[in-house]
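Presented below is the structure to which this report refers.
Numbers here simply count residues along the sequence, with the first being 1.
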Amino acid sequence: MFYSETKPFPESFLWGASTSAYQVEGAWNQDGKGPSVQDLHKPEKFSDFSVASDHYHRFREDVALMKELGLKAYRFSISWSRVFPKGAGDVNPQGLQFYRDLIDELLAAGIEPVVTLYHFDLPLALHEQGGWSLRSTIDAFEAYARLMFETFRGKVKYWLTINEQNVMINHPAAMYPGNVPSQNELHQQNHHMFLASARAVKALREIDPATKIGPAPNIIAVYPKTSLPEDVIAADNWEVIRNWLYLDVAAKGYYNPLAAAYLKEKGLYPHMEEGDLELLAENTADFLGLNYYSTATVSAAKNDGHDRQPRNGDQQTMVGEEGVFRAEENDALKATEFGWKIDPVGLRTTLRRVYDRYHLPVLITENGIGGREEIAADGQVHDQYRITYLTAHFRQAQQALMDGVDLMGYCPWAFMDLVSTHQGYQKRYGFVYVDRGELDPGTMNRIRKDSFDCYHDIIKTGGCSLQEN
């Protein structure tokens, strides 16, 4: 739909940026922090997470840059094992104090903290006991969440429960050290994570009922390869399995019927105990976080043993599933140097589909583009490709607002360069360049990229400068 007049972003719009604890903080074993599963990753060619971007020691400098950028919100995660070194039991007071100091620094700068409880970094002690396969991990998560809600009551207005739960289930290799769990075990873990989120929602409403909480899955529009009805059904299949299974539980409190049929057909339906479904039904989200990077294109499954294709890539690479769908290329879209399809209109499509299903406010919790970058001869970092990418996506978000989507805010990934889960510092996402090498921590100096200045102008003008870029 074309509109005769472009409407501005609302004054309350949360122009933000995102990071996660294990990718920026560093200080992996300092001040009482316990290890997480991410600390087991020791790649030969890429940076690990031990030092990262040293945000733990430089957070005041980083928040000052956020204020200069003009951020209205900063979406970050708390390291569970920094607060509970063993995932449960004794609290680490130094770890808790770090987050007190960070949140106070943000509030003093006029920046709204948007806090994720769990972002891929399960405490190693819990993992070694069985992790999300055990219901005891639900209890540990609830205890952790309750401490966070009590500690930051009145300071944090927006909480996110679990980041990209659907990625952890559908693409688990990067999230689990050692052997990847079986499909049956993964879907049991999935159910336990649903229950843990519902327990957190219930706890927050007891402790700080004015505060809002929701999930943060990775949600994408799925396109059929052709207009063949069979391709449309395949697209519906994958959209339900990848998207609506997760959002239906979070927003509606029940398993999507088609997703349940799929799980039963595949022998993957999780074991449930008495009261599980009631807990999910009674503790649904206030708003929906949404991580968006690309879209997927699929065709009809042939169920001939070749629906699943060899995989070369990360969680944005679709591989197909026997009897469900085949992954296809969308030749209408360009791709990043790392193979991710660039689809700004797909963001608008995704937002419309999500809001039409759930009628809940939506916060874009991640969206961005990663590329190889270096400091130029003039001492600056010129990332015009990021400016082009983000302004195109901002415009489509504005179109979604005009379409009637209740869009709360937009937090691009990422505020600063951080350790990419798959490509270390070769793949940079930030508005702020961190001067370090792949294996050499370097100076750690922060350098404002060209995109920093562009985003500053967009925020300052409430999006009006988008029409000039």
Listed by chain and number, what are the salt bridge (Lys or Arg N to Asp or Glu O under 4.0 Å) partners of [X], not counting sequence neighbours?
| X | value |
| --- | --- |
| Glu61 | Arg58 |
| Asp383 | Arg386 |
| Glu239 | Arg353 |
| Lys212 | none |

ring-ring contact (aromatic ring centres under 6.0 Å, His included) partners of [X], counting only residues at least two apart:
| X | answer |
| --- | --- |
| Tyr223 | none |
| Tyr358 | none |
| Tyr425 | none |
| Phe415 | none |

Could you check Tyr74 against Thr19 for side-chain hydrogen bond (donor to acceptor under 3.5 Å, both in side chains), going step by step and ending with a plain yes or no?
CA-CA 8 Å; Tyr74 174 47; Thr19 66; 2.6 Å; yes

Between Trp15 and Phe394, ring centroids under 6.0 Å:
yes

According to the salt bridge (Lys or Arg N to Asp or Glu O under 4.0 Å) rule, which pairs have a member within residues 92-104, sequence neighbours left out?
Asp104-Lys155

May I ask you to establish whether [X] and [Y] are in a cation-pi arrangement, using a distance under 6.0 Å from NZ or CZ to the six-membered ring centre and at most 45° from the ring axis?
| X | Y | result |
| --- | --- | --- |
| Lys427 | Phe338 | yes |
| Arg428 | Tyr433 | yes |
| Lys42 | Trp28 | yes |

Report the C-alpha separation of Lys225 and Glu329 in whole Å, then their side-chain angles, then the decisive distance to 0.1 Å, and conclude whether the salt bridge (Lys or Arg N to Asp or Glu O under 4.0 Å) test is met.
CA-CA 8 Å; Lys225 178 67 174 179; Glu329 287 293 317; over 6 Å; no

Between [X] and [Y], do the side chains contain an N or O donor and an N or O acceptor separated by less than 3.5 Å?
| X | Y | answer |
| --- | --- | --- |
| Ser294 | Asp343 | no |
| Asn291 | Asn163 | yes |
| Glu373 | Tyr385 | yes |

Looking at Asp62, Asp435, Asp417, which hits salt bridge (Lys or Arg N to Asp or Glu O under 4.0 Å) with Arg446?
Asp62

Quick one, [X] and [Y] - any side-chain contact, counting heavy atoms below 4.5 Å?
| X | Y | result |
| --- | --- | --- |
| Tyr22 | Asp39 | no |
| Val115 | Met148 | no |
| Phe452 | Glu68 | yes |
| Ile111 | Glu105 | no |

Under the side-chain hydrogen bond (donor to acceptor under 3.5 Å, both in side chains) criterion, do Gln380 and Asp450 qualify, and how do the steps go?
CA-CA 8 Å; Gln380 304 300 308; Asp450 289 351; over 6 Å; no

By side-chain hydrogen bond (donor to acceptor under 3.5 Å, both in side chains), which residues pair with Tyr118, not counting sequence neighbours?
Trp132

Taking side-chain hydrogen bond (donor to acceptor under 3.5 Å, both in side chains) as the test, write out the residues that go with Thr6, two or more places apart.
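Per chain and number, Thr6 pairs via side-chain hydrogen bond (donor to acceptor under 3.5 Å, both in side chains) with no residue.
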
So [X] and [Y], would you call those rings parallel, tilted or perpendicular, with 30° and 60° as cut-offs?
| X | Y | result |
| --- | --- | --- |
| Phe76 | Tyr99 | parallel |
| His41 | Phe49 | perpendicular |
| Tyr144 | Trp80 | parallel |

Flag the pair Glu366 and Arg75 as a salt bridge only when some basic side-chain nitrogen lies within less than 4.0 angstrom of an acidic carboxylate oxygen.
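Between Arg75 and Glu366 there is a salt bridge, with a charged N closer than 4.0 Å to a carboxylate O.
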
Candidate list Thr297, Asp231, Asp307, test side chain to side chain donor-acceptor pair (under 3.5 Å), partner Arg326, passing option:
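Running side chain to side chain donor-acceptor pair (under 3.5 Å) over Thr297, Asp231, Asp307 with Arg326 returns exactly one hit, Asp307.
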
What verdict does the side-chain contact (heavy atoms from CB on, under 4.5 Å) test give for Val83 and Leu147, after you've listed the backbone C-alpha separation in whole Å, the side-chain angles of each residue and the deciding distance to 0.1 Å?
CA-CA 9 Å; Val83 176; Leu147 177 63; 3.8 Å; yes

Any side-chain hydrogen bond (donor to acceptor under 3.5 Å, both in side chains) involving residues 452-462? Give me the pairs, sequence neighbours left out, ordered by first then second residue.
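Residue pairs passing side-chain hydrogen bond (donor to acceptor under 3.5 Å, both in side chains), neighbours aside: Thr461-Ser465.
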
Lys157 atom NZ, over 12 foreign heavy atoms within 6.0 Å
no

